[in-house]
Amino acid sequence: MLRRSPAVGTEFVELLHDRTSAVRVLENLVVRSTSVRGVLAGRSGVDSALLDLVISTAERGRLLLDPVVARHVGTRHRMSVRMLAKPARCMLVLDDRSAVLPLAGDDLNVGAMVLRGPLATTYGELFELMWSDARTPADAPDETGLSSRETEVVELLLDGATDHQVAARLGMSSRTVRAVVAQLQQRYGTRSRMALGFQLARMTE
């Protein structure tokens, strides 16, 4: 049976063409599900609304996170969480009856695809494979090798902040920010801030 936009689909696949309809369907599925398994990545930024929705499932859920989202989440949850060993597509699997995948990687803003029946079961099996390969946050190494202060400076600079803005935000001098950047350039063998930014962005993807 075909449905009109913003949702179009068949018995096993439903396309949701905007964020509003995707979030509405997802909220309904989460409320009715006894098991919620999610893979969340932050390549396009952290989707706080989606993250809060998944975390609200508490003991019903398991979550696989990339390092960017894991830093954002911290310890403000009671879910079972593991860190992704390699980059993965964002998805939510609900009771093995439904799977929701953003149409654009990890961004719900352009809509989502809802898979049901055997298609959803396949994504449940994929999640379990990824879960068995993932690490708990305590065991996960810091892949960037950056100190906590360097990480804070790098994240703000990658978001487009100036040295002065970084200094004001972190309570340090602009000279200290420049010193941190110079140390990182020396460590990674880059000659410009732009080259350093590209290298660090690849490491934190």
Side-chain angles (χ1 to χ4, degrees), residues 18-20 22-23 38-55 63-77 79 81-92 100-112 127 130-131 133-205:
D18 58 61
R19 180 182 178 86
T20 302
V23 170
V39 177
L40 297 181
R43 289 182 297 274
S44 303
V46 177
D47 188 331
S48 296
L50 177 59
L51 185 57
D52 289 343
L53 177 63
V54 176
I55 287 176
L63 203 48
L64 281 167
L65 304 175
D66 73 0
V68 174
V69 181
R71 280 195 300 271
H72 185 79
V73 170
T75 57
R76 61 185 179 94
H77 59 81
M79 294 186 77
V81 173
R82 291 189 182 177
M83 300 279 287
L84 289 166
K86 55 187 79 167
R89 182 189 174 117
C90 179
M91 67 177 176
L92 294 172
V100 179
L101 290 80
L103 291 177
D106 52 0
D107 185 2
L108 274 182
N109 289 318
V110 295
F127 178 92
M130 292 166 46
W131 183 263
D133 192 38
R135 300 172 183 235
T136 62
D139 294 335
D142 181 358
E143 295 176 4
T144 65
L146 301 177
S147 70
S148 58
R149 183 174 74 163
E150 288 170 338
T151 299
E152 290 174 330
V153 169
V154 165
E155 286 177 348
L156 290 171
L157 290 174
L158 289 176
D159 284 341
T162 64
D163 289 354
H164 181 71
Q165 290 168 330
V166 173
R169 184 90 175 264
L170 299 180
M172 59 178 65
S173 69
S174 296
R175 178 181 285 180
T176 302
V177 173
R178 287 192 293 273
V180 169
V181 172
Q183 290 168 357
L184 291 173
Q185 282 183 282
Q186 185 175 5
R187 185 186 307 169
Y188 294 107
T190 57
R191 296 184 179 183
S192 69
R193 283 180 167 229
M194 183 175 290
L196 177 65
F198 284 137
Q199 183 155 344
L200 292 173
R202 284 198 303 270
M203 291 171 61
T204 56
E205 280 179 351

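Sequential numbering from 1 along the given sequence is applied to the chain's residues.
The distance from atom CD of Gln165 to atom OG of Ser174, rounded to the nearest 0.5 Å, is 10.0 Å. Between atom CG of residue Leu170 and atom CD of residue Glu155 there is a gap of 10.0 Å, rounded to the nearest 0.5 Å. Separation of atoms CZ (Phe127) and CG (Leu63) is listed at 7.5 Å; rounding is to 0.5 Å. Summarising the geometry, atom CG belonging to Asp133 is positioned 10.0 Å from atom CZ belonging to Arg82; distances are rounded to the nearest 0.5 Å. Of the inter-residue distances, the one linking Leu65 atom CG with Leu84 atom CG reads 7.0 Å to the nearest 0.5 angstrom. The structure places CD of Gln185 at 11.5 Å from CZ of Arg191, a figure rounded to the nearest 0.5 Å.
With sequence neighbours excluded, no residue forms a salt bridge (Lys or Arg N to Asp or Glu O under 4.0 Å) with Arg169.
Using a 4.5 Å heavy-atom threshold, the side chains of Cys90 and Val39 count as separate.
The two residues Ala104 and Val110 have their closest heavy-atom pair at CB-CG2, 3.4 Å. Leu108 and Pro102 make their closest contact through CD2-CG, 4.0 Å (heavy atoms, listed as atom of the first residue, atom of the second, distance). When all heavy atoms are compared, the tightest approach of Ala167 to Ser173 is CB-C, 3.6 Å. Nearest heavy atoms, Ala22 versus Ala112: CB-CB, 3.9 Å.
Remark: of the listed residues Leu184, Val181, Val166, Leu184 is the sole one forming a side-chain contact (heavy atoms from CB on, under 4.5 Å) with Val154.
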(request) Applying side chain to side chain contact (heavy atoms under 4.5 Å, CB included), run through Leu92 and Leu50 and close with a yes or a no. (result) CA-CA 10 Å; Leu92 294 172; Leu50 177 59; 3.8 Å; yes
(request) Go through the steps to decide whether Met91 and Met130 satisfy the test side chain to side chain contact (heavy atoms under 4.5 Å, CB included), and finish with yes or no. (result) CA-CA 12 Å; Met91 67 177 176; Met130 292 166 46; 4.2 Å; yes
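Remark: side-chain polar atoms of Asp159 are not paired, donor with acceptor, to backbone N or O of Ala161 under 3.5 angstrom.
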